[in-house]
Amino acid sequence: MAAINEVGDLTIEGDVGVLTLNSPPVNALSAPVRAAINDGIRQAIDNPAVKAIVLICDGKTFIAGADITEFGKAPSGPSLFDAQAMIENAPKPVIAAIHGTALGGGLEVALTCHYRVAVPSAKCGLPEVNLGLLPGAGGTQRLPRIVGPEKALEMVTAGTHVGAKACKEMGLVDELAEEGKLREGAIAFARKIVTENRPLKKVRDLNEKVEAARGHPEIFANFRKANARKFRGFLAPEYNIQCIEAAVNLPFDEGIKVEQKLFRELVTGTQSAAQRHVFFAERQVWKLPDVPADTPIIPVNKVGIIGAGTMGGGIAMNFLNAGMPVTIVETKQDALDRGLATIRKNYENTAKKGRMTMEDVEKRMSLLKGTLALEDLADMDLVIEAVFENMDIKKDVFGKLDKIVKQGAILATNTSALNIDEIATAVKRPEAVIGLHFFSPANVMRLLEVVRADKTSKSVIATSMQIAKKIGKIAALVGVCPGFVGNRILAQRQREANKLILEGAMPWDVDRVLYDFGLPMGPFAMSDLAGLDIGWSKEKSKGETIRDVLCEMDRRGQKTGAGFYDYDENRNAKPSPIVEKIILDFAAKKGINRRQISDQEILERCVYPMINEGAKILEEGKAIRASDIDIVWINGYGFPVYRGGPMFYGDTVGLDKVLAKMKEFQAQMGDDFKPSALLEKLVAEGKKFQSL
Ligand code: 3H9
């Protein structure tokens with residue numbers, strides 16, 4: 001065995017040279033890895049004993065892509081193109097041996113090899129689009145030459161990881177090796193290539209599939225049309241499409257030039273910076289500075305849920321999906337029956353759509369038990385309370401749980417607003433109490449706010465984070481404060497949206513601006529969808545807000561066919577002349593002189609106070625990192641990924657600009673816009689949230 005460098009080894013096994021890369025965690029194409037490929041392949045070429053070369057990786061995966069941390073830094077060492085050319089132009093067959101994942105630049109390296117062998121569990125993909133990029137090392141030109149442009153379009157714009165068996169069917173993989181025996185399998189395959197004197201297959205020369213699509217621009221037009229909604233706001237999918245178009249319409253080397261140009265544009269742009277930020281933020285969010293990795297984990301096998309309403313039912317589904325038994329408690333039989341029936345109906349609907357079998361439905365339902373007796377929760381490991389949002393009721397429930405549930409169990413509340421420290425005073429074991437704030441619909445939304453109270457133990461925190469992972473959520477650890485992180489920031493936007501419609505904008509103006517910014521819908525469309533009467537009561541309503549007036553008129557949102565908007569029978573929204581009049585009358589009654597409000601003001605008024613509130617949250621230590629706040633808003637509220645979350649967006653705009661605007665608004669409109677001390681400090685020091 002001869003070391004090429006610190007991450008590469010070349011072993012000669014008879015007539016086969018085996019180049020092994022070993023650069024944990026994922027063998028990303030850092031400068032040393034590129035050098036190892038370049039120099040290792042050259043040494044194997046120069047060695048007369050070697051007839052074929054196998055490129056394989058140590059550790060848990062084949063090369064998982066370019067080293068994302070290198071983007072934006074000065075290049076060093078041999079370029080990826082040099083290394084790829086060394087492989088592709090080798091006078092001896094080079095065989096990629098794939099396990100784990102061959103992703104992005106990793107698959108692009110494999111595509112310059114003459115053949116590819118993979119174990120059945122391996123996956124291949126070009127997921128660059130998820131980082132706001134396109135495959136920039138020939139992937140957009142080579143992939144369609146093997147799988148055809150249609151399949152390639154799907155793969156590069158969705159970034160999916162395709163299993164080895166499917167890859168074999170598509171021709172992306174030439175041979176499957178036995179699981180666990182990749183090295184032997186690849187060496188044997190290499191010898192077969194030599195013995196059979198098979199040609200050095202260069203993917204770049206396979207023109208049949210791309211030529212067949214030439215003169216058929218409808219392939220691309222249809223694809224764009226079918227995916228317009230999904231791609232809205234994102235640059236990368238369109239750029240990926242243009243590259244596949246180039247592969248179809250241009251000779252290989254010209255296509256590469258298009259790919260290069262568009263890749264450069266993306267990699268230096270804001271969207272990709274934002275999406276790369278999110279990639280790392282999603283991994284950072286699990287890291288808890290004061291909860292060591294060896295904190296004891298509480299085994300959680302049985303879950304109890306109190307409340308079979310929308311929230312309780314949705315929460316239960318998460319655990320059933322993960323194969324965990326759930327006991328759900330209600331106070332009345334009919335409410336329990338209704339709750340259980342809804343869960344079944346939800347699963348059956350999924351089965352009808354073909355995304356689950358009826359057997360899966362039954363399997364999940366068999367794990368679910370309904371009861372009216374709180375005592376049935378005695379031996380649960382985790383109990384989640386999802387009852388009505390009322391402090392007295394919650395304290396009563398926790399007081400009872402304290403007497404019933406075994407010691408050592410986690411007692412969680414799904415409250416979205418109440419003070420968990422106060423809830424914890426109802427039990428003699430406050431260290432067991434934590435907030436698990438699911439977002440509605442709880443079986444769909446990815447976000448979980450894990451809310452640590454004053455006395456919550458580290459073990460309960462660590463276990464809660466692990467459970468979140470197990471049920472497929474992304475969890476952010478936050479502290480107790482009104483609205484926690486997500487809703488506390490939302491309240492800022494909501495306040496400004498409500499003020500704006502009195503001062504001169506209409507609900508559809510505010511909604512349009514925020515929709516165009518990239519949110520799935522604006523605040524008023526959102527209210528209509530959720531129901532305007534959430535938290536509203538007929539008895540107490542005094543017509544003090546536009547919402548009160550609308551609810552009193554029975555315009556309670558989509559469900560009543562009218563809210564801030566009018567709805568037709570297909571729930572299509574139309575601006576409502578009635579609402580317009582209500583707003584004008586209301587403003588007149590309040591003595592407000594309405595004025596023309598620009599789109600820019602709408603955006604700044606809605607978004608900058610959110611950024612400012614995020615800064616206050618950091619200042620108070622209620623979130624660990626600015627990027628955790630971004631994770632909350634992207635996964636809980638649909639903040640556009642390509643803007644990186646509210647805090648990253650603030651950094652992008654420039655915190656000095658955000659601060660100046662906040663001060664200007666404060667002078668005009670008062671202390672709703674009072675800048676946070678952290679924002680002032682960062683600007684004074686010329687820093688960003690990312691620098692914290
Ligand atoms: C590209 O290739 C561009 C080219 O087309 C053009 C070039 C010219 N770089 O996810 P995990 C880190 S773009 C640097 O927790 P898993 C990650 O941050 C790239 N670091 O493990 C984490 O670090 P830490 C296209 C990377 O087992 C650790 O590795 N490729 C990279 O759940 C473990 O990661 C992709 O987009 C990287 N490329 O999943 C693939 N990848 O421990 C991106 C990972 O400090 N990667 N790290 O937090 C993935 O999808 C997953 O990491 C993977 C493993 C599936 C590979």
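Predicted model only: the values in this text are computed from it and were never measured. We use all heavy atoms of the structure for the numbers below, so side chains are in, but hydrogens, waters and symmetry mates are not. Start at 1 and go down the list; that is how both ligands and their atoms are numbered.
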Peer 1: To which of Phe280, Phe71, Phe263 does the heavy atom nearest atom 18 (O) of ligand 1 belong?
Peer 2: Phe280
Peer 1: Going by side-chain hydrogen bond (donor to acceptor under 3.5 Å, both in side chains), name the pairs with one or both residues in residues 162-177, residues two or more places apart or in two chains.
Peer 2: Asp174-Lys201, Glu175-Lys192
Peer 1: Mind listing the closest non-hydrogen atom pair of Val94 and Cys113 along with its distance?
Peer 2: O-CB, 3.5 Å
Peer 1: Does any N or O of ligand 1 fall below 3.5 Å from an N or O anywhere on Thr101, backbone included?
Peer 2: no
Peer 1: On a heavy-atom basis, which atom in Ala190 and which in Ala52 lie closest, and how many Å separate them?
Peer 2: CB-CB, 3.9 Å
Peer 1: Give the numbers and elements of all ligand 1 atoms closer than 4.0 Å to a heavy atom of Asp67.
Peer 2: 9 (N), 14 (C)
Peer 1: Within 4.0 Å of atom 23 (O) of ligand 1 (strictly less), any protein heavy atom?
Peer 2: no
Peer 1: May I ask you to identify the nearest protein heavy atom to atom 46 (N) of ligand 1, giving residue, atom name and distance to one decimal place in Å?
Peer 2: Phe279 CZ, 3.6 Å
Peer 1: Show me which atoms of ligand 1 lie under 4.0 Å from any heavy atom of Glu108.
Peer 2: 4 (C), 5 (O), 6 (C)
Peer 1: Heavy atoms only: give me the nearest Leu103-Cys124 pair and the separation to one decimal.
Peer 2: CD2-C, 4.3 Å
Peer 1: Of Leu29, Leu107, Val26, Val267, which has the heavy atom at the shortest distance from atom 31 (C) of ligand 1?
Peer 2: Val26
Peer 1: To which of Gly104, Gly139, Gly138 does the heavy atom nearest atom 25 (C) of ligand 1 belong?
Peer 2: Gly104
Peer 1: Is atom 14 (C) of ligand 1 close to the protein, meaning a heavy atom under 4.0 Å from it?
Peer 2: yes
Peer 1: Please could you name the atoms of ligand 1 that Ile68 approaches to less than 4.0 Å, counting only its heavy atoms?
Peer 2: 9 (N), 14 (C), 37 (C), 38 (N)
Peer 1: Please report the closest heavy-atom contact between Ala97 and Ala186, naming both atoms and the distance.
Peer 2: CB-CB, 3.7 Å
Peer 1: Using distance alone, determine whether Lys287 and ligand 1 share an N or O pair under 3.5 Å.
Peer 2: yes
Peer 1: So is Thr61 touching ligand 1 or not, going by heavy atoms under 4.0 Å?
Peer 2: no
Peer 1: Have a look at Gln260, Arg283, Gln275 and point out the one with the heavy atom closest to atom 10 (O) of ligand 1.
Peer 2: Arg283
Peer 1: Which heavy-atom pair separates Leu262 from Cys243 by the least distance, and what is that distance?
Peer 2: CD1-SG, 3.9 Å
Peer 1: Report the member of Pro24, Ala66, Ala28 with the shortest heavy-atom distance to atom 38 (N) of ligand 1.
Peer 2: Ala66
Peer 1: Which of the numbered atoms in ligand 1 are under 4.0 angstrom from any heavy atom belonging to Pro135?
Peer 2: 5 (O)
Peer 1: Indicate whether any N or O donor in one side chain lies under 3.5 Å from an N or O acceptor in the other, for Asn249 and Arg214.
Peer 2: no
Peer 1: Are the ring centres of His277 and Phe279 closer than 6.0 Å?
Peer 2: no
Peer 1: Would you mind listing which atoms of ligand 1 come within a distance below 4.0 Å of any non-hydrogen atom of Gly65?
Peer 2: 2 (O), 30 (N)
Peer 1: For Pro25, is at least one N or O under 3.5 Å away from an N or O on ligand 1?
Peer 2: no
Peer 1: Grab the two heavy atoms, one from Asn301 and one from Asp381, that are nearest each other, plus how far apart they are.
Peer 2: N-OD2, 2.7 Å
Peer 1: Can you pull the side-chain hydrogen bond (donor to acceptor under 3.5 Å, both in side chains) pairs that have at least one residue in residues 121-133, sequence neighbours excluded?
Peer 2: Ser121-Glu179
Peer 1: Which residue and non-hydrogen atom of the protein lie closest to atom 50 (O) of ligand 1, and at what distance in Å?
Peer 2: Leu103 CD1, 3.9 Å
Peer 1: Decide, yes or no, whether a salt bridge links Asp205 with Lys202 under the criterion of side-chain N to carboxylate O below 4.0 Å.
Peer 2: no
Peer 1: Report, in ascending order of atom number, the atoms of ligand 1 lying under 4.0 Å from any heavy atom of Gly105.
Peer 2: 1 (C), 2 (O), 4 (C), 5 (O)
Peer 1: Before we go on, tell me: are the rings of Tyr239 and Phe263 under 6.0 Å apart, centre to centre?
Peer 2: no
Peer 1: Looking only at non-hydrogen atoms, which of Leu131, Asn27, Ile63, Leu126 approaches atom 19 (C) of ligand 1 most closely?
Peer 2: Leu131
Peer 1: Between Ala64 and ligand 1, does any nitrogen or oxygen pair lie at a separation below 3.5 Å?
Peer 2: yes
Peer 1: Are the aromatic ring centres of Phe62 and His99 under 6.0 angstrom apart?
Peer 2: no
Peer 1: What protein heavy atom is closest to atom 6 (C) of ligand 1, reported as residue, atom name and distance in Å?
Peer 2: Gly136 N, 3.5 Å
Peer 1: Which atoms of ligand 1 are found less than 4.0 Å from any heavy atom of Pro127?
Peer 2: 30 (N), 35 (C), 36 (O)
Peer 1: Okay, side chain of Glu449, backbone of His437: is any donor-acceptor separation there less than 3.5 Å?
Peer 2: no
Peer 1: Quick check: does Lys60 get an N/O under 3.5 Å from an N/O on ligand 1?
Peer 2: yes
